[in-house]
Amino acid sequence: MTQPTSSTLRQIPAGVWVLGFVSMLMDISSEMIHSLLPMFMVTSLGTSVLAVGLVEGLAESTALIVKVFSGSLSDYLGKRKGLAVAGYALGAVSKPLFAMATSFGAVVTGRLLDRVGKGVRGAPRDAMVADLAPKHVRGAAFGLRQSLDTVGAFIGPLVAVGLMLLWANDFRAVFWVATVPAFLAVALLLFGLHEPKRDRSQARPNPIRRENLKTLPGAYWWVVGVGAVFTLARFSEAFLVLRAQQTGIPAALVPLVMVAMSMVYAASAYPFGKLADAMNHRRLLGVGLVVLLAADLVLASGMSWIALFSGVALWGVHMGMTQGLLATMVADTSPEDLRGTAYGMFNLVSGLAMLFASTFAGVLWDAFGAASTFYAGAGFCLAALFVLGWQPGHGSEPAYTRER
């Protein structure tokens, strides 16, 4: 029998709440920019959809690949907060570049710098959540942080819509405003979080050495494989923005698509994170994949605003069901002293998958139209369901997938 929600929330440490609000502020800033950036690139800078897909793939994969090194470094140092602060600060200083950009290259520079910052902070931050949260509420803690993060992901586009209407589609003015919450996030993390002390009495060899990576169990590498195929099935959300533009929605209102997705994501992340503490993980992932499959099919087949928002809502449910869950599964299958490295390796593989998925999505969009991109996503969903059904080992289910 699960505990009441209010009781579970009280058991989540204050540091997890701080990390959640830091994520929320940075996401407000990032989504004010990212909800408008694909349109800005296509309409103001004249870039192709393939170029948008390539930039998004490079940006997101850069963030995920950098995480392998920041996570390992946090394990080696025995400290995580400093790396997290550095990553958030790098993200903050990248924001003005979008407001000043007059060429495709300037946008690429800003996007990559922003995602390097995300990569530097991501694995240490996730490892801090795992370090801070007691095991019996770990899924709820990851779900809470993800929910607060996603609250920022729908506040940001809402603010962007309001400012676009107020300032007659002035992209650059909105990008300048986006710098404010980014610097507030850095200040909150710097002064509001006290990192838990960790045992540093033992020597700390380089955790990314092959000998140490070999100590990560087979169940962990199975999670890595599943996460990679999930990423192939879920390319960059920039394509949701471009799909919305095709339906004839005014440019100032297109960010409402990201608002809708993020509202559903935020509302579902904590409940599903809490459910993950009491439910078979493999089954929950499978349901999440079926929801993403439905989202892809709806987005591929319909051009009405009802079809658009239905598909986007299903996309948000999938994100709420799976993202915190995958983070919990990494924590459950990795040793504490290699937790940062485990998150880094997970994100390295997912990053390479994201680069391929978003580039491939852009190629399909330019060559065969938008529907082909989403049908391809549905195909990868089916492949992910196949991987999910494969059991590692000698027919025995890994520990993290057992009924609880």
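Position 1 is the first residue of the sequence; numbering continues from there. Computed from a predicted model, the values in this text were never measured in an experiment.
- Contact annotation: the side chain of Thr102 never approaches that of Leu45 to less than 4.5 Å [non-hydrogen atoms, C-beta and beyond].
- For the atom pair CG (Leu293) and CZ (Phe380), the distance works out to 13.5 Å, reported to the nearest 0.5 Å.
- Within the 3.5 Å criterion, the main-chain N or O of Met41 finds a donor-acceptor partner in the side chain of Thr47.
- Distance check: Leu289 CG to Cys381 SG gives 5.5 Å after rounding to the nearest 0.5 Å.
- In this structure, Thr231 contributes its side chain and Gly227 its backbone to a donor-acceptor pair below 3.5 Å.
- Arg115 has its side chain within reach of Ser30: a pair of non-hydrogen atoms, C-beta onward, lies under 4.5 Å apart.
- Asp126 contributes atom CG, which lies 11.0 Å from atom CG of Asp131 (distance to the nearest 0.5 angstrom).
- Applying the salt bridge (charged side-chain N to carboxylate O under 4.0 Å, His left out) definition to pairs two or more places apart or across chains, those involving residues 149-166 are Arg145-Asp149.
- Side-chain contact between Arg125 and Ser23 is present, with at least one heavy-atom pair separated by less than 4.5 Å.
- For the pair Tyr375 and Asp296, the minimum side-chain heavy-atom distance is 4.5 Å or more.
- Across Leu256 and Phe309, no two heavy atoms sit closer than the pair O-CE2, 3.9 Å.
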- side chain to side chain contact (heavy atoms under 4.5 Å, CB included) between Leu36 and Met32, worked out: CA-CA 7 Å; Leu36 297 173; Met32 285 179 66; over 6 Å; no

Checking side chain to side chain contact (heavy atoms under 4.5 Å, CB included) for the pair Met345/Trp221: CA distance, chi angles, key distance, verdict? CA-CA 9 Å; Met345 291 301 299; Trp221 292 109; 4.1 Å; yes

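- Among all heavy-atom pairs drawn from His281 and Asp332, the shortest one is CE1-OD2, 3.7 Å.
- Taking all atoms of both residues into account, the shortest heavy-atom contact from Tyr88 to Met26 is O-CE, 3.4 Å.
- Proximity of Ser334 to Leu216: side-chain heavy atoms (C-beta onward) are separated by under 4.5 Å at one or more points.
- Between Gly87 and Arg121, the shortest heavy-atom contact is O-NH1, 3.3 Å.
- Between Val226 and Phe230, some side-chain heavy-atom pair lies under the 4.5 Å cut-off.
- The CE atom of Met263 sits 10.0 Å away from the CD1 atom of Ile155 when rounded to the nearest 0.5 Å.
- Smallest separation of non-hydrogen atoms from Leu83 and Pro124: CB-CG, 3.9 Å.
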Given the rule in the side chain to side chain contact (heavy atoms under 4.5 Å, CB included) test, do Arg234 and Trp315 qualify, once you have shown the distances and angles that lead to the verdict? CA-CA 9 Å; Arg234 191 191 65 253; Trp315 194 289; 3.4 Å; yes

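- Taking Val93 as the reference, Leu90, Phe183 meet the side-chain contact (heavy atoms from CB on, under 4.5 Å) condition, with sequence neighbours excluded.
- The salt bridge (Lys or Arg N to Asp or Glu O under 4.0 Å) check on Asp114 picks up Lys95, Arg111, with sequence neighbours excluded.
- In terms of the ring-ring contact (aromatic ring centres under 6.0 Å, His included) criterion, residue partners of Phe356 (sequence neighbours excluded) are, by chain and number, Phe360.
- A donor-acceptor pair under 3.5 Å links the side-chain atoms of Lys81 to the main chain of Leu193, judged by distance alone.
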Run the side chain to side chain contact (heavy atoms under 4.5 Å, CB included) check on Val55 and Leu37 step by step: do they pass? CA-CA 11 Å; Val55 169; Leu37 194 61; 5.9 Å; no

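- Partners of Leu148 by side-chain contact (heavy atoms from CB on, under 4.5 Å), not counting sequence neighbours, listed by chain and number: Trp17, Phe21, Leu144.
- The shortest side-chain heavy-atom distance between Met39 and Gln245 falls under the 4.5 Å cut-off.
- Pairing each heavy atom of Ala228 with each of Val349, the nearest pair is CB-CG1, 3.6 Å.
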Which donor-acceptor pairs under 3.5 Å do side chains of residues 157-176 form with protein atoms, sequence neighbours excluded?
from	atom 1	to	atom 2	distance (Å)
Asp170	OD1	Arg172	N	3.3
Asp170	OD1	Ala173	N	3.2
Arg172	NH1	Ala99	O	3.1
Arg172	NH1	Ala101	O	2.3
Arg172	NH2	Ala101	O	2.8

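- For the atom pair CG (Leu292) and OG1 (Thr322), the distance works out to 8.0 Å, reported to the nearest 0.5 Å.
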I'd like a table of donor-acceptor pairs (distance under 3.5 Å, sequence neighbours excluded) in which one partner is a side-chain atom from residues 365-374, with atom names and distances.
from	atom 1	to	atom 2	distance (Å)
Asp366	OD2	Leu50	N	2.9
Ser372	OG	Leu364	O	3.2
Ser372	OG	Gly369	O	2.6
Thr373	OG1	Ala361	O	3.0
Thr373	OG1	Trp365	N	3.4

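- Scanning for side-chain contact (heavy atoms from CB on, under 4.5 Å) contacts around Leu284 gives Phe272, Leu275, Ala276, Met279, Met321, Leu325, with sequence neighbours left out.
- Within the 4.5 Å cutoff, side-chain heavy atoms of Leu97 are placed close to those of Leu113.
- For the side-chain contact (heavy atoms from CB on, under 4.5 Å) test, residues two or more places apart in sequence or in another chain that qualify with Val298 are Ala307, Ser310, Leu314.
- Judged by distance alone, the side chain of His318 and the main-chain N or O of Val291 form no donor-acceptor pair under 3.5 Å.
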